[in-house]
Structure formats: C-alpha cells, structure tokens
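Here is the structure we will look at.
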Amino acid sequence: MAGKHHLPEEIIFDIFVRLPTKPLLRFRCLSKRWNRLISHHFTKSRSRRRMILLPSDPLQAIDNTIHGNLTVHQMTSKFPSSSKNIGSKHVTIVGTFNGIVLLALKDMILYNPLTGAFKIVPSSPLKASHRYPDAYGFCYGTARDDLKIVRIRLVENNYAAFAQPCIWCDVFSFKNGTWSTRYTRLVGPRWFVKQYAGTFVNGVLYWLAVRENMSLILALDVKKMVFSEIQLPYIHCYVDCLGASGGHLYVFREYYDRFELWMMKEHGIEKEKSWSKVLTSNGLATVRPLAILDGGKIVMLKNKKQVIIYDMWNDSYEVYKLNTSIISSQKLLAMEYVPSLISPSRLCSSLI
C-alpha cells in the first residue's frame, strides 16, 4: 500500500466485508492508512450489527443482524483465573455502553467482545458475601459522561436499631475512579433480589425483587440516589423478567401455559394506571426469558443448549443451538450490544 499505487477505497471496503473480525483488526498495524480505513469501516458498516451476549462460560454471542441466518459465536475471553468464580459455569452480564460490556465474576470486568480487550474495575469496599448475593447496575447520572457502576446487597439486620432490612449500595464513578458507599432501610421483612443485573431506563435502575413472597420492583433513581418500590400488575408468578425497549420498561411473565408482556407507561404513578398488557401468547411454554430487546424481540432459554428468539410483533420464533450450555438460573440475563473498537481502558475519555 506504499506509494501512489492504492486500491480504490470502495474495493478495499468490499474486501473488508468478507474478512473475519480478528485478522481484520490485526491489519490495522500495517499502516496509518489501513488503521484509518479499518476503523472507518467498523464505525460505518459494522456498527449496525447487533449482538446478543449470553450468560455462559465461555461467553457466546448471537448475531442479531441478519434475519433468518442468525449465527452463534464463541467469545475468546482470557480473563485472569483470579477474576473468576471457582467452579462457576455462568457469568453475570450487567450492562453495556458504547460496545463495552460490564461483567460480574469474582471481579467486575469491562470487556470488549469484538476485540477481546478487558480491564478489571477497582475493587469495591463492600466485601463479597456468600449469604447475601450482590446485584448490579450499569448506568449514568445527569449526563452520559457521568457513567456509574452500582452494586447493591439486601441485608437482614438483626440489631434492634436496624430491625428492618437494609440496602448496602456501592457506586463507582468513572469520573473520579472511586467508590462511595451508603445504605438505606426497606419497608417490610424478607427481601431478596430475583435478578443480578438491573435494567436502566430513563435515569432509573430497576431490579425484580420479592418481599414476603410477593413480586415487586426495586427502583433506584440514579440522579437522586433514592430507592423506591413499584407494584407489579400481578401478585404471583413462576418466572418473570425485566427489560427495556423503545424507552419503556417491560416485564415478562410466564404463567402456567402462557406468557404475558406488560409495559410500564410512566414511572411513579398508581399501579392501575402505570401498566398496560401488550402481549399474551399461548404458543410457547416452559421457557425462561433471558432478555427483552429493542425491535420487539424476546430471547428465551428453551433448554441448556437451545435459545429461542421470539418476534412479538409477528408472533413467530426461531430456535438456535448453542456451543456451551447455560445454567438455568432466573437471576442471569442476556444482553444486546453494538460492536465497537473502543478500548475498555479508554472508556471514560471516549464517552460522547
């Protein structure tokens, strides 16, 4: 590529489309021009790809771009053995931002599935507990450059002064690279969180929770750092799942031989006015929801090695075989992300 003998960029881009990702990324080192062309290629064309990352070890991803020809990819993630939970066959996918995925193992890790690059987040002062599992959130505050990691733990406190359960909450700020810790009290006994990863919608993090055998939602206003609870449009449920689509919070409910999808129209109003049922389906049974995606799709686990992608607007679905089994735990969710070349080490400086 030296001198004046350059191929037209249209031909080069046509070649790039036919190349696998890993060797194409290595070609960036050949010259400044190749680095510029390949980076532009990913920004312009491959940024339209949408991948579904599955909670397995090793990680797997489904290409959600090409309709009718979805493929399953196995991710090459060589995390340090000290960062992994010994004997664990799953990973908590907390959230994604600009192509970077936040994973919770023994450590919290910022990971780029496209390049394989990762960075371990500084340890939280809230030490791990075997009795009280942690839940997480990946969000931002007043602006997109105010990126935060939230880690919460519900604790039953036996001291008289703290007879009610408490939420211990750690917040990592990307702006200053430090953790801050606080706690708040909850109303009523016997709380626990049903899903490890929170759903972030319009400045609020939401987790499915249970209080005295009643399903509800635990909400955190990230700007005000205030917790509240939200009543669900039902009382009992075998399997349910939170997700976001089109700027709205959705809850998936499996009930006997059918499942329902409810949309929260507005945060902070009466239960009867805030929820609207948008879908009821009797075609699928004994499935576990993994994610609710933009574009009206629901990712569901049929068994340990089969995933269903259901199109709610067309009432159709496809089944895909996985390379590695997924532990059937309601606490784990899949996550959709858009591939990018952003390095996890430069995430803070690359926010826009």
Side-chain angles (χ1 to χ4, degrees), residues 9 12-30 34-79 91-104 108-121 138-140 144 147 174 197 200 243-245 290-295 297 299 307 309 320 322-324 326 333-352:
E9 293 188 359
I12 295 176
F13 288 144
D14 192 51
I15 295 172
F16 286 168
V17 172
R18 291 163 170 78
L19 290 176
T21 298
K22 288 185 179 179
L24 184 57
L25 292 175
R26 288 198 290 267
F27 293 160
R28 291 187 301 169
C29 301
L30 291 176
W34 275 65
N35 182 38
R36 176 181 62 81
L37 290 175
I38 293 173
S39 299
H40 176 72
H41 164 69
F42 272 98
T43 302
K44 184 177 180 180
S45 61
R46 296 204 175 194
S47 63
R48 292 191 293 267
R49 293 177 64 192
R50 305 191 74 85
M51 306 290 288
I52 303 169
L53 196 63
L54 303 174
S56 61
D57 186 11
L59 293 166
Q60 298 172 90
I62 298 176
D63 192 330
N64 191 30
T65 304
I66 306 174
H67 299 286
N69 189 28
L70 304 191
T71 55
V72 179
H73 305 270
Q74 187 161 307
M75 304 287 100
T76 55
S77 50
K78 298 180 180 179
F79 305 132
V91 58
T92 300
I93 304 169
V94 179
T96 178
F97 190 88
N98 280 3
I100 303 299
V101 178
L102 177 63
L103 307 175
M108 279 182 277
I109 296 175
L110 294 168
Y111 171 57
N112 186 324
L114 178 65
T115 65
F118 67 89
K119 181 177 178 60
I120 298 177
V121 178
F138 199 23
C139 58
Y140 52 86
R144 289 173 64 87
L147 197 61
F174 279 70
F200 185 61
S245 181
L290 287 173
I292 300 170
L293 311 178
D294 271 333
K297 292 184 178 179
V299 184
V307 164
I309 298 183
Y320 301 93
L322 305 179
N323 301 317
T324 305
I326 298 179
L333 300 177
M335 197 73 61
E336 188 177 46
Y337 70 96
V338 178
S340 77
L341 295 177
I342 294 174
S343 168
S345 299
R346 300 182 61 187
L347 182 61
C348 296
S349 60
S350 64
L351 294 178
I352 55 175

Q: Work out which heavy atom in Ala61 is nearest to a heavy atom in Met51; give both atom names and the distance.
A: CB-CE, 4.0 Å
Q. Say you draw a straight line from CG of Leu333 to CD1 of Ile292; how long is it, rounded to the nearest 0.5 Å?
A. 9.0 Å
Q. Out of curiosity, Asn112 CG to Lys119 NZ, how far, rounded to the nearest 0.5 Å?
A. 14.5 Å
**Q.** By side chain to side chain contact (heavy atoms under 4.5 Å, CB included) - contacts of Ala334 (at least two apart)
**A.** Ile52, Leu54, Pro55, Leu290, Ala291
Q. Which atom pair, heavy atoms only, marks the closest approach of Pro344 to Ala117?
A. CG-O, 3.5 Å
Q) Taking C-beta and beyond as the side chain, do Val101 and Leu59 meet within less than 4.5 Å on heavy atoms? A) no
**Q.** Ser340 side chain reached by Leu114 side chain, heavy atoms, under 4.5 Å
**A.** no
Q | Lys297 to Ile309 - nearest heavy-atom pair and separation | A | CD-CG2, 3.9 Å
Q.
Could you work out, with side chain to side chain contact (heavy atoms under 4.5 Å, CB included) as the rule, every residue matching Leu102, not counting sequence neighbours?
A. Val94, Met108, Leu110, Val121, Phe138, Ile149
Q. From Leu103 CG over to Met335 CE, what is the distance, rounded to the nearest 0.5 angstrom?
A. 9.5 Å
Q.
Nearest 0.5 Å, please: how far is CD1 in Ile120 from CD1 in Ile109?
A. 5.5 Å
(Q) Can you list everything that forms a side chain to side chain donor-acceptor pair (under 3.5 Å) with Thr96? Sequence neighbours excluded, please. (A) none
Q) How many angstroms lie between atom OG of Ser343 and atom CZ of Phe118, to the nearest 0.5 angstrom? A) 11.5 Å
Q | Straight-line distance of Tyr111 OH to Tyr337 OH, nearest 0.5 Å | A | 7.0 Å
